[in-house]
Number of protein chains: 2
Amino acid sequence: MHHAPEVLKKEGHKLTPQRLMIWHILQAGRHLSAEDIHQEIEKKFPGIDLTTVYRTLELLVRLELVQESRFPVGPHQYEATDKLGHSHIICRKCGRVHHFDVADLLAAANRICENQDFSCADVELNISSVCNDCLKKDRS
Amino acid sequence: MHHAPEVLKKEGHKLTPQRLMIWHILQAGRHLSAEDIHQEIEKKFPGIDLTTVYRTLELLVRLELVQESRFPVGPHQYEATDKLGHSHIICRKCGRVHHFDVADLLAAANRICENQDFSCADVELNISSVCNDCLKKDRS
DNA sequence: CTCTGTGCAAAAATTTTGCATTTTG
DNA sequence: CAAAATGCAAAATTTTTGCACAGAG
């Protein structure tokens, strides 16, 4: 779904080149930091401000077009909501992020949400552990 | 398990009053920030530095006596490893944290860890969503 | 033409580092 | 006494805010 432009317009927000570029980059990548996005844009269109990236991400999160996550290491990560359908497993040491399908876990997570009086829409499930690479390095 | 003092000693670290107080507070509470712990100590023993709290938490995390988590809102949260046996469900808006038993989810999470070449020990499973209170507020 | 969005600069919030002094074992 | 830990000050990192100017509708 590439529907951010329509949603922005419908909600009375302007379609600036900055916003379109940020959205475009979010379509390509998963779990990007504001800094990642900023650098990516700078390659082709130098001059965009990091502040603008933060403000745009905040707007997109508010409109539920983007989801923000905090992983055990590193800065906040952003990804387009339509990229979700998966969850993260993050190494607490090196920060490497893997994905897994939520199929089976999601049902259980939804049950938990109901029990705890949380909304079941857009549940995010993050597992953190230590990847075996880091475990090996620790031993040496 | 109140074993931090023994582990510290065994690993050649000193048992300072600051460390003991921090550990003591971690025994009582769940998901505390460095600032929370600092303020708690200041009530009875003014003068401890926030830096010391951070350094001690880092040490305890390194010794796997404490686990650090980042939730969707707010600063890093710390809790004693022996308090774990549960996972978190966090509201992305207000940051309220609930707990749930991992019994059933843990088996699934462990399977995922193995598939992804992560260690299954001390897996942390965090669900983030929006609590129904915040959902109601949004509507008004 | 108006109002929203941007860039720049500065601040805020959180965490980390350097170094002189104190404390533990 | 020697090594390690603390406090203080300063820096680093990440994110947020204020304001004048520019650009979208």
Side-chain angles (χ1 to χ4, degrees), chain A residues 4-25 31-39 41-42 44-63 65-78 92-93 95, chain B residues 4-25 31-39 41-42 44-63 65-78 92-93 95:
Chain A
E6 294 91 87
V7 175
L8 284 169
K9 195 186 286 180
K10 190 173 58 157
E11 299 283 327
H13 299 284
K14 292 180 177 172
L15 291 180
T16 64
Q18 290 89 334
R19 284 174 179 172
L20 294 175
M21 284 190 285
I22 291 167
W23 179 247
H24 183 250
I25 286 169
H31 46 83
L32 300 167
S33 68
E35 187 60 46
D36 289 339
I37 295 170
H38 181 242
Q39 284 181 15
I41 296 179
E42 283 275 290
K44 302 194 175 175
F45 298 88
I48 188 175
D49 201 273
L50 224 202
T51 307
T52 302
V53 176
Y54 274 110
R55 276 193 277 231
T56 298
L57 289 170
E58 191 205 11
L59 174 64
L60 295 174
V61 167
R62 189 145 32 85
L63 296 175
L65 292 162
V66 162
Q67 185 163 313
E68 182 190 78
S69 312
R70 295 185 183 191
F71 292 161
V73 288
H76 300 180
Q77 306 287 118
Y78 300 87
R92 289 202 279 263
K93 304 255 179 187
Chain B
E6 295 91 87
V7 175
L8 284 170
K9 195 185 289 179
K10 190 173 55 151
E11 300 283 328
H13 300 283
K14 293 179 176 174
L15 290 178
T16 65
Q18 289 90 334
R19 286 176 176 170
L20 294 174
M21 283 190 284
I22 290 167
W23 178 248
H24 183 250
I25 286 168
H31 45 85
L32 300 166
S33 67
E35 186 60 47
D36 290 339
I37 294 170
H38 181 242
Q39 283 182 16
I41 296 178
E42 282 278 288
K44 303 194 174 173
F45 298 89
I48 188 175
D49 199 273
L50 223 203
T51 306
T52 302
V53 177
Y54 275 109
R55 276 193 276 231
T56 299
L57 289 170
E58 191 206 9
L59 174 64
L60 295 174
V61 167
R62 188 145 32 87
L63 296 176
L65 292 162
V66 162
Q67 185 163 311
E68 181 190 78
S69 312
R70 296 187 181 188
F71 292 162
V73 288
H76 300 179
Q77 305 288 119
Y78 300 87
R92 288 202 280 262
K93 304 256 180 189

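So you know, we letter chains A, B, ... as the sequences are listed, proteins then strands, and number each from 1.
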How long is the straight-line distance from [atom2] of [Y] back to [atom1] of [X], given to the nearest 0.5 Å?
X        : Y        : atom1 : atom2 : result
His38(B) : Ile48(B) : NE2   : CD1   : 6.5 Å
Ile37(A) : Tyr54(A) : CD1   : OH    : 9.5 Å
Arg55(B) : Gln18(B) : CZ    : CD    : 11.0 Å
Leu50(B) : Gln39(B) : CG    : CD    : 8.5 Å
Asp49(A) : Ile41(A) : CG    : CD1   : 11.0 Å
Gln77(B) : Leu57(B) : CD    : CG    : 11.0 Å

Could you go through nucleotides 19-22 of chain C and list every protein N or O atom that sits under 3.5 Å from one of its N or O atoms, giving the distance for each pair?
none

Heavy-atom side-chain contact between Tyr78(A) and Leu60(A) under 4.5 Å: no
Sub-4.5 Å side-chain heavy-atom contact between Thr56(A) and Trp23(A): no
Residues in contact with DNA chain C, drawn from residues 11-22 of chain A - heavy-atom cutoff 4.0 Å: His13(A), Lys14(A), Thr16(A), Gln18(A), Arg19(A)
Side-chain (Glu42(A)) to main-chain (Gly47(A)) donor-acceptor, under 3.5 angstrom: yes
Length of the line joining [X]:[atom1] and [N]:[atom2], which is rounded to integer Å:
X        : N      : atom1 : atom2 : value
Tyr54(A) : dC8(C) : OH    : P     : 17 Å
Leu57(A) : dG5(C) : CG    : P     : 15 Å
Glu42(A) : dT6(C) : CD    : C1'   : 14 Å

Contact boundaries on DNA chain D for chain B, cut-off under 4.0 Å to non-hydrogen atoms: dA3(D) to dA9(D)
side-chain contact (heavy atoms from CB on, under 4.5 Å) between Leu8(A) and Leu59(A), worked out: CA-CA 9 Å; Leu8(A) 284 169; Leu59(A) 174 64; 3.7 Å; yes
Degree of bending, the helix from dC1(C)-dG25(D) to dG25(C)-dC1(D) (end axes from five pairs; round to 10°): 40°
Verdict with reasoning, Met21(B) to Lys44(B), per side-chain contact (heavy atoms from CB on, under 4.5 Å): CA-CA 10 Å; Met21(B) 283 190 284; Lys44(B) 303 194 174 173; over 6 Å; no
Pairing residues for Arg70(B) by the side-chain hydrogen bond (donor to acceptor under 3.5 Å, both in side chains) criterion, not counting sequence neighbours: His76(B)
Sorted by number, the residues of residues 44-52 of chain B with heavy-atom contact under 4.0 Å to DNA chain D: Gly47(B), Ile48(B), Asp49(B), Thr51(B), Thr52(B)
Heavy-atom pair of closest approach, residues Val53(B) and Ala34(B): CG1-O, 3.7 Å
DNA chain C: 5'-proximal contact among Thr56(A) and Glu68(B) (nearest heavy atom): Thr56(A)
